[in-house]
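Some notes on the structure that comes next.
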Amino acid sequence: MSVFHSYARYYDLLYRDKDYYGESNFIHQLIQTHASNAHDILELGCGTGIHAIELAKQGYKIQGVDFSDRMLERAYDRLGELPPDLASRLKFYHGDIRHLRINQTFDVIISLFHVICYQTTNEDLLAAFATVKEHLKPGGIFIFDVWYGPAVLSDRPTVRVKRLEDEEIQVTRIAEPVMYANENWVDVNYQVFIKDKSNHAVEELWETHRMRYLFKPEIELLFQRFQMEIIDFREWMSDHKAGFDTWSTYFVGRG
């Protein structure tokens, strides 16, 4: 669960093209559809805090948890840059979503950007869902997105190269996947080159992110285990049905 430690510093640059605003609005619409009276949200795997901040702008109170200290440092920095009334609706703290217990319950729990897929063993998944059950109010909803198994197997992951830069650094990231058929895992092996523009020095990092792709029947079993039910699942950021071409699929469960 500490795979983001080395390159958390470069995370926002690597994902600056991610549509956090649009995704947060999409989550807001799901909440309005399935839990229109919701006021408070727990985010499991909040990263550097961008989704949480955008949702706080919609009026929600949000507590965000992440295992990466480096990610949380950036979230705290962002918190300090916000107007006081907005900052008062946000709280970030360190925690492991498999073991988190904060003696509070929430109207909505979210876990975005495939955080659930980092729970690669059955034990990890059960522990994460136990955390959700412990912190979700009766009738509350749990929203998360996953790598969807039918699409991963139909359109298998390939080597990808991403290049980005800002005023200070140039980043090149090479992602090489290795699939494990009987475990439903993909090891995404990242090689990252960071070039300092001021002195042309180059730093090289290696990371392996193990991801588990998931299928609807096993998610149904997880929900049933914790007396919850699936109330919606479709392609992420759309109303299209999940299928062989929907790599990223969201699920909404009710407690």
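We number each residue from 1, following the sequence as shown. On a predicted model such as this, the values are computed, not experimentally measured, just so you know.
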What's the shortest heavy-atom distance between [X] and [Y], and which atoms?
| X | Y | value |
| --- | --- | --- |
| Glu167 | Lys197 | O-CD, 3.6 Å |
| Val65 | Leu100 | CG2-CD2, 3.8 Å |
| Thr249 | Ala242 | CG2-CB, 3.7 Å |

_Below 30° counts as parallel, above 60° as perpendicular, anything between as tilted: where do the rings of Tyr190 and His209 land?_
perpendicular

*N-O pairing of Arg78 and Glu81 below 4.0 Å*: no

*Are Arg98 and Glu123 close enough for a salt bridge, meaning some N to O gap below 4.0 Å?*
no

To the nearest 0.5 Å, what is the distance between [atom1] on [X] and [atom2] on [Y]?
| X | Y | atom1 | atom2 | value |
| --- | --- | --- | --- | --- |
| Thr120 | Met211 | OG1 | CE | 10.0 Å |
| Ser24 | Leu112 | OG | CG | 7.5 Å |
| Tyr60 | Phe106 | OH | CZ | 15.0 Å |
| Asp96 | Thr131 | CG | OG1 | 8.0 Å |
| Leu205 | Gln191 | CG | CD | 10.0 Å |
| Ile116 | Leu44 | CD1 | CG | 7.0 Å |

*Can you hop from Ile27 to Tyr21 via hydrophobic side chains spaced under 4.5 Å?*
no

*Would you say Phe244 and Met237 are hydrophobically clustered, going by side-chain heavy atoms of ILVMFWY under 4.5 Å?*
no

*Taking the six-membered ring for Trp and the full ring for Phe, Tyr or His, determine whether the centres of Phe251 and Phe142 are under 6.0 Å apart.*
no

*Is the Phe26 to Tyr250 ring centre distance short of 6.0 Å?*
yes

Any donor-acceptor N or O pair under 3.5 Å, side chains [X], [Y]:
| X | Y | answer |
| --- | --- | --- |
| Asp124 | Tyr118 | no |
| Asn25 | Gln58 | yes |
| Asp66 | Ser68 | no |

Solution key, residues 146-158 side-chain donor-acceptor pairs under 3.5 Å, sequence neighbours excluded:
residue : atom : partner : partner atom : Å
Trp147  : NE1  : His114  : ND1          : 3.4
Ser154  : OG   : Pro150  : O            : 2.7

_Tell me whether the NZ or CZ atom of Arg210 lies within the 45° cone about the ring axis of Tyr180 and under 6.0 Å from its centre._
yes

*With sequence neighbours left out, which residue pairs that include part of residues 132-153 fulfil the salt bridge (Lys or Arg N to Asp or Glu O under 4.0 Å) condition?*
Asp40-Lys137, Asp107-Lys137

_Worked verdict on His94 versus Phe67 for ring-ring contact (aromatic ring centres under 6.0 Å, His included)_ = CA-CA 6 Å; His94 182 270; Phe67 194 71; 5.4 Å; yes

*Just wondering, do His200 and Lys195 contact through their side chains at under 4.5 Å, heavy atoms?*
yes

